[in-house]
Amino acid sequence: TQLLEQSPQFLSIQEGENLTVYCNSSSVFSSLQWYRQEPGEGPVLLVTVVTGGEVKKLKRLTFQFGDARKDSSLHITAAQTGDTGLYLCAGTDNTNAGKSTFGDGTTLTVKP
Amino acid sequence: KAGVTQTPRYLIKTRGQQVTLSCSPISGHRSVSWYQQTPGQGLQFLFEYFSETQRNKGNFPGRFSGRQFSNSRSEMNVSTLELGDSALYLCASRRGTSEAFFGQGTRLTVV
């Protein structure tokens, strides 16, 4: 069974601070996705990383895929209140018909 | 291009009843997956359908079932509802083994 562990589970910071969220597994994934979800809504895809060591930037968000494709991180620079939400990582296994495994999420609260 | 559409958005049912939820995937996406999300349990995988066939299944009781139609639209059914079935039910579609795109979810409340 593939498992993804996210840390921290909860994070509360002040606007303007930087933060990093981690997603770790003992399994290798074909690709990894990061989603952001607001209460009562479905998760929205932020990014997909495919290549080991890959780094993608989306404005103030930086995503990194580990060299061995087992872990990933999401770094937010100068957090804003609009970044508040649940961040989910998901690993996709193409050897198993693209089955996705989700982490339990990191709840981020950015206070003004 | 339209996203994943789930109907209804909100639903209130009584214990013992059954419910059917609907999901229309993004055009061209043949895979549809269903998830249950509760505050304490996170996102739990229910099942995945591809070309009208169940391809993967999570660890849920037989009261939870689904199907997929030839146009890739999918329905999920829960019979003999229990209070613990109250949750946000999410549907996601994908093309092949690419990333999944989610609908807005159906909030089911069982009273």
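To find a chain, count down the sequence lines: A is the first, B the second, and so on, and within it residues start at 1.
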Legend entry - Contact origin within A:L32 toward chain B - heavy atom pairs under 4.5 Å: neither
Legend entry - Contacting region of B:F50 [heavy-atom separation from chain A under 4.5 Å]: neither
Inset, instruction - Please round to the nearest 0.5 Å and tell me the distance separating atom CD of B:E99 and atom OG of A:S100. - result: 9.5 Å
Inset, instruction - Output the distance between atom CG (B:N56) and atom CG (A:D93), rounded to the nearest 0.5 Å. - result: 9.5 Å
Inset, instruction - Among Ile, Leu, Val, Met, Phe, Trp and Tyr joined by side-chain contacts under 4.5 Å, find the other residues sharing a cluster with B:F64 and list them by chain and number. - result: B:L11, B:V19, B:L21, B:V32, B:W34, B:L46, B:F47, B:Y49, B:F60, B:M76, B:V78, B:L81, B:L83, B:Y89, B:L108, B:V110
Inset, instruction - Determine, using the 4.5 Å side-chain heavy-atom cutoff (strictly less than), whether A:Y35 and B:F45 are members of one ILVMFWY cluster. - result: yes
Legend entry - Pick from B:Q6, B:R9, B:Q44 with the largest number of heavy-atom pairs that fall under 4.5 Å of chain A: B:R9
Inset, instruction - Find out if a path of hydrophobic residues (ILVMFWY) with successive side-chain heavy-atom gaps under 4.5 Å connects A:L108 to A:Y22. - result: no
Inset, instruction - Could you identify which residues cluster with B:Y10, counting Ile, Leu, Val, Met, Phe, Trp and Tyr as linked when any side-chain heavy atoms lie under 4.5 Å apart, either directly or through a chain of such contacts? - result: none
Legend entry - A:Q9 CD: over 12 foreign heavy atoms closer than 6.0 Å: no
Inset, instruction - Not counting sequence neighbours, which residues clear side chain to side chain contact (heavy atoms under 4.5 Å, CB included) with B:S79? List them please. - result: B:Q18, B:R63, B:N77
Legend entry - Inter-chain contacts: residues 40-66 of chain A against chain B, heavy atoms under 4.5 Å: A:G40, A:E41, A:G42, A:P43, A:L45, A:T48
Inset, instruction - Report the option among B:R107, B:E48, B:R94 that has the most heavy-atom pairs separated by less than 4.5 Å from atoms of chain A. - result: B:R94
Legend entry - CG/B:N59: more than 12 non-hydrogen atoms of other groups inside 6.0 Å: no
Legend entry - Flag if over 12 foreign heavy atoms under 6.0 Å of CD, B:Q54: yes
